[in-house]
Amino acid sequence: MQVLATVEVHIKNLINGPVTVVQWTAADPFPELGRSVGVDTETELITETNSAPPLVVLGVFDPQSMTCYISYWEDAAVFINQLSKCEIQQHYFNLGFDEHVLNDVDSEKALMDAIELGRVRDMQIRIQLNDIATIGFIPYNHYSLKDCSKQLLGIELDKGEADDPESHRLTFRRGTPITQEQAVYLAWDCISTECLSMVSPETPTEVEHTKGMVVLARS
């Protein structure tokens, strides 16, 4: 596997040390992962007419090995298919979007099976359910990964400016190798998603709410 970058991470007492970002291809053996992983996707540009554009890369952070695996869309189907068949908890933020773009490249729809089995959780749903249960409403800064990471983890994710054509998050394209900066950007999203699962207690109904989120995103 090709090493794309190394990220030095210090998030409270959760993740501390270097995280290796590697490119995983279908020719590589499937890695031995820990009990849970943080997952995120990057796509081509979202537009008014296409809210779920083509997947470009998949990112999966494994805190046990301190490794973030990145797969291009051609190999992502194999990775997510294998991952979804394991008894590993997958953590997302805004799962409705990720499910759509991942299942579009996986003919077996393995992620949907994992969702049905309760192996997939959405941290946006978890955080917001905890808000409702504890303070009775959802704060304005608990709607995005960037805001939740700042409030709950004390880290600033570099999302760039929405109107900046050079912003890392706006420049992912199929057929174009990702840059080191893009690899680091995706790794941080995966790392922060997994860390949010560590600081946010699981709620009794989050499995059902997670399934509902996916259904609503598809409607």
Side-chain angles (χ1 to χ4, degrees), residues 30 33-43 46 50-63 68-69 71 73 76-149 151-153 186 189-219:
F30 190 72
L33 303 172
R35 298 174 61 184
S36 70
V37 293
V39 187
D40 193 26
T41 61
E42 295 298 338
T43 67
I46 298 173
N50 191 0
S51 59
L55 174 72
V56 177
V57 284
L58 164 74
V60 178
F61 169 62
D62 172 33
C68 185
Y69 300 91
S71 302
W73 69 273
V78 178
F79 196 103
I80 202 67
N81 193 289
Q82 291 295 315
L83 174 62
S84 295
K85 292 177 180 177
C86 300
E87 292 188 14
I88 295 172
Q89 196 89 158
Q90 300 178 44
H91 297 133
Y92 294 76
F93 196 100
N94 190 15
L95 172 65
F97 177 83
D98 295 312
E99 181 275 330
H100 195 158
V101 298
L102 285 170
N103 276 338
D104 279 353
V105 298
D106 179 17
S107 60
E108 293 189 33
K109 315 299 182 190
L111 180 56
M112 284 299 295
D113 293 335
I115 292 170
E116 282 296 320
L117 292 170
R119 295 175 183 167
V120 181
R121 307 297 176 87
D122 182 81
M123 295 305 100
Q124 185 181 38
I125 289 290
R126 177 179 290 185
I127 291 166
Q128 293 178 353
L129 287 173
N130 273 302
D131 287 337
I132 294 169
T134 55
I135 60 177
F137 66 95
I138 302 170
Y140 75 93
N141 52 9
H142 279 186
Y143 284 89
S144 71
L145 178 60
K146 179 178 180 178
D147 285 345
C148 286
S149 296
Q151 291 297 311
L152 302 177
L153 302 175
L186 176 54
D189 278 4
C190 297
I191 293 165
S192 59
T193 298
E194 180 63 12
C195 286
L196 286 174
S197 77
M198 301 175 186
V199 299
S200 304
E202 185 175 337
T203 61
T205 62
E206 70 179 50
V207 173
E208 289 72 22
H209 278 85
T210 296
K211 293 177 183 178
M213 180 189 201
V214 172
V215 172
L216 288 172
R218 282 285 190 170
S219 62

Inset, instruction - Determine the sole option in E206, H209, H91 for which the side-chain hydrogen bond (donor to acceptor under 3.5 Å, both in side chains) test with R121 is passed. - result: E206

Spatial distance of atom [atom1] ([X]) from atom [atom2] ([Y]) [nearest 0.5 Å]:
X: T205; Y: K211; atom1: OG1; atom2: NZ; value: 12.0 Å
X: I132; Y: Q128; atom1: CD1; atom2: CD; value: 7.0 Å
X: T203; Y: N130; atom1: OG1; atom2: CG; value: 6.0 Å
X: C68; Y: L186; atom1: SG; atom2: CG; value: 5.5 Å

Heavy atoms only: give me the nearest [X]-[Y] pair and the separation to one decimal.
X: T43; Y: L55; answer: CG2-CA, 4.1 Å
X: D62; Y: G34; answer: OD1-N, 3.1 Å
X: G118; Y: V207; answer: CA-CG1, 4.2 Å
X: V60; Y: C190; answer: N-SG, 4.0 Å
X: V101; Y: T41; answer: CG2-OG1, 3.7 Å

Can you check whether [X] reaches [Y] side chain to side chain, under 4.5 Å on heavy atoms?
X: C86; Y: L33; result: no
X: E194; Y: S36; result: yes
X: L95; Y: Q90; result: no
X: V39; Y: D98; result: no
X: F30; Y: L83; result: yes
X: C148; Y: F93; result: yes
X: Y92; Y: L111; result: yes
X: V120; Y: E99; result: no

Taking [X] for the side chain and [Y] for the main chain, is one N or O donor matched with an acceptor at less than 3.5 Å?
X: D122; Y: N94; value: yes
X: Q124; Y: L145; value: no
X: R119; Y: S84; value: yes
X: S144; Y: D147; value: yes
X: N81; Y: A110; value: no
X: S200; Y: S197; value: no

Legend entry - Sequence neighbours excluded, every pair satisfying salt bridge (charged side-chain N to carboxylate O under 4.0 Å, His left out) that has a member inside residues 105-114: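 Listed by first then second residue: K85-E108.
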
Inset, instruction - Please list, chain by chain and in numerical order, all residues satisfying side chain to side chain donor-acceptor pair (under 3.5 Å) with Q82, sequence neighbours excluded. - result: none

Inset, instruction - Begin with the C-alpha distance, continue with both residues' side-chain angles, and end with the deciding distance and a verdict on side-chain contact (heavy atoms from CB on, under 4.5 Å) for H142 and L152. - result: CA-CA 9 Å; H142 279 186; L152 302 177; 4.2 Å; yes

